[in-house]
There are 2 protein chains.
Amino acid sequence: MSAARILGAPAGARHDHRHCVGQALAEAERACRQQGLRLTPIRRQVLELIWQDHQPVKAYDLIDALRDRGLRTGPPTVYRALDFLLQAGFIHRLDTVNAFVGCGAHGRPHAGMFLICRACGAVLELDAPSPIRLIGVEADRMGFELVTQAVEILGHCSRCRAAGKAVDARGPAAREPTRPVDPEPA
Amino acid sequence: MSAARILGAPAGARHDHRHCVGQALAEAERACRQQGLRLTPIRRQVLELIWQDHQPVKAYDLIDALRDRGLRTGPPTVYRALDFLLQAGFIHRLDTVNAFVGCGAHGRPHAGMFLICRACGAVLELDAPSPIRLIGVEADRMGFELVTQAVEILGHCSRCRAAGKAVDARGPAAREPTRPVDPEPA
DNA sequence: GCCGAACTGAAACGTTATACCATTACGGCG
DNA sequence: CGCCGTAATGGTATAACGTTTCAGTTCGGC
């Protein structure tokens, strides 16, 4: 079984984050040039803001951030930019938290799975081929044609667990308790 | 490896649906009695409405439906009832479509995975232990404590594929393509 | 320079969810 | 019974999220 690869660095992990941003922007520019897409100033700025860190960013926070930069853009403009970036595969949308994160593996096909920490909000994108492939198998078994999938895991990241923050102030996205998923009668 | 089990019957499948509803309500009543929870009239009606069929139901549709039954309930009342039903495990929330469906396996532990048809909107809940367990393994490998997960598959169900409806009028919840977007040759 | 397509700006609207506060039902207890 | 604490509900307003619409602008190609 192929182990999952980390796509992008976790929040707080030691890394030069300007590198992440620069690389993401450069890759986006390259891809757009190659595919005849237009990375306009607004789209570029939105992408840059989303890459600010590895926290998911909400649409209206983007609007505010753009205003702070002197751009008075309304919701439609930002959502259009987001749509473009989604279509192009530069970012992902996280439905469980209504927010967006940069894609850590543009270009490479990958089986996205997201670990979302309820305590600090950080998101870790994994390329986890094994579970995703199994999901495809199950869908196929039901005669279901898979178009896209959302696999979002909510819990507590290792850093927050270590820091004892796992007490989870009902912060981001409290959901129903998960029924034990016991790895049991198989 | 255990194959996925269907939880609840797919929309349109031949079955006496009153049986589904009756069974779900009876089970909810039983569980509430046993756990000292209160299945109040509003909660009961919301649960009943959600079980109306195997389509996901939206919160504001519930409000309208309740009004049609003579109850003038505001959004908070309905959301409170939904929260209760979620907590109790009687229903699931589908984040990709902002809607709710009845849980086909209350009481039994199960590893929920949802197949959502973009053409007809029907939802099939599978108990798919294998992929879900693998997801847990990957999370664990990252030191991540899993609290709950959302696994929602968007695509086309077998019935719609057979009926040639797979052309997907961008109806429910269009998302980004899984693979990098095709270069538009023009 | 002209044209069409793509992009942007702005206002209004539609949808989803919560804050706030008042009120009512329920259960224990003196 | 009357009191009280907790849970549940009602109702308005508003926050948060997202789309429609349409007019104007920019860009690339001829």
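The sequence lines fix the lettering, A, B, ..., with proteins before strands; numbering per chain opens at 1.
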message = Main chain of Asp95(A), side chain of Glu152(A): is a donor-acceptor contact present, judged purely on distance under 3.5 Å?
response = yes

message = Could you check whether any side-chain heavy atom of Met142(A) comes within less than 4.5 Å of a side-chain heavy atom of Leu126(B), counting everything from C-beta outward?
response = yes

ask   = Between dG9(C) atom P and Ile42(A) atom CD1, what is the distance in whole Å?
value = 4 Å

request  = Sequence neighbours left out, what passes ring-ring contact (aromatic ring centres under 6.0 Å, His included) with Phe114(B)? Give chain and number order.
outcome  = His92(B)

ask   = Who pairs with Asp53(B) by side chain to side chain contact (heavy atoms under 4.5 Å, CB included), at least two apart in sequence or on another chain?
value = Gln55(B)

task = Tell me which residues in residues 71-84 of chain A put a heavy atom below 4.0 Å from DNA chain C, sorted by number, or none.
result = Arg72(A), Thr73(A), Pro76(A), Thr77(A), Arg80(A)

request  = Using atom CG of Leu86(B) as one end and atom C1' of dT16(C) as the other, report the distance to the nearest whole Å.
outcome  = 15 Å

task = Could you tell me which residues satisfy salt bridge (Lys or Arg N to Asp or Glu O under 4.0 Å) with Arg67(B), sequence neighbours excluded, listed by chain and number?
result = Asp64(B)

When the side chains of residues 69-78 of chain B are checked against the rest of the protein, which donor-acceptor pairs come out under 3.5 Å, sequence neighbours left out?
residue	atom	partner	partner atom	Å
Arg69(B)	NH1	Gln45(B)	OE1	2.6

ask   = What is the 5' to 3' range of DNA chain D, first to last nucleotide, that sits under 4.0 Å from any heavy atom of chain A?
value = dC17(D) to dC27(D)

key: Interatomic distance, Arg38(B) CZ vs dA25(C) C1' [rounded to whole Å]   = 7 Å

inquiry  = Any side-chain to backbone donor/acceptor pair from Arg43(A) onto Arg38(A)? Under 3.5 Å, distance only.
reply    = yes

inquiry  = Just the rounded figure in Å: distance from P of dA25(C) to CG of Leu39(B).
reply    = 18 Å

Distance below 4.0 Å between Lys58(B) side-chain N/O and dT16(C) OP1 or OP2 = yes

query = So which heavy atom on Ile50(B) is nearest to which on Gly102(B), and how close?
reply = CG2-N, 3.4 Å

task = Could you check how far CG of Leu37(A) sits from P of dA5(C), rounded to whole Å?
result = 18 Å

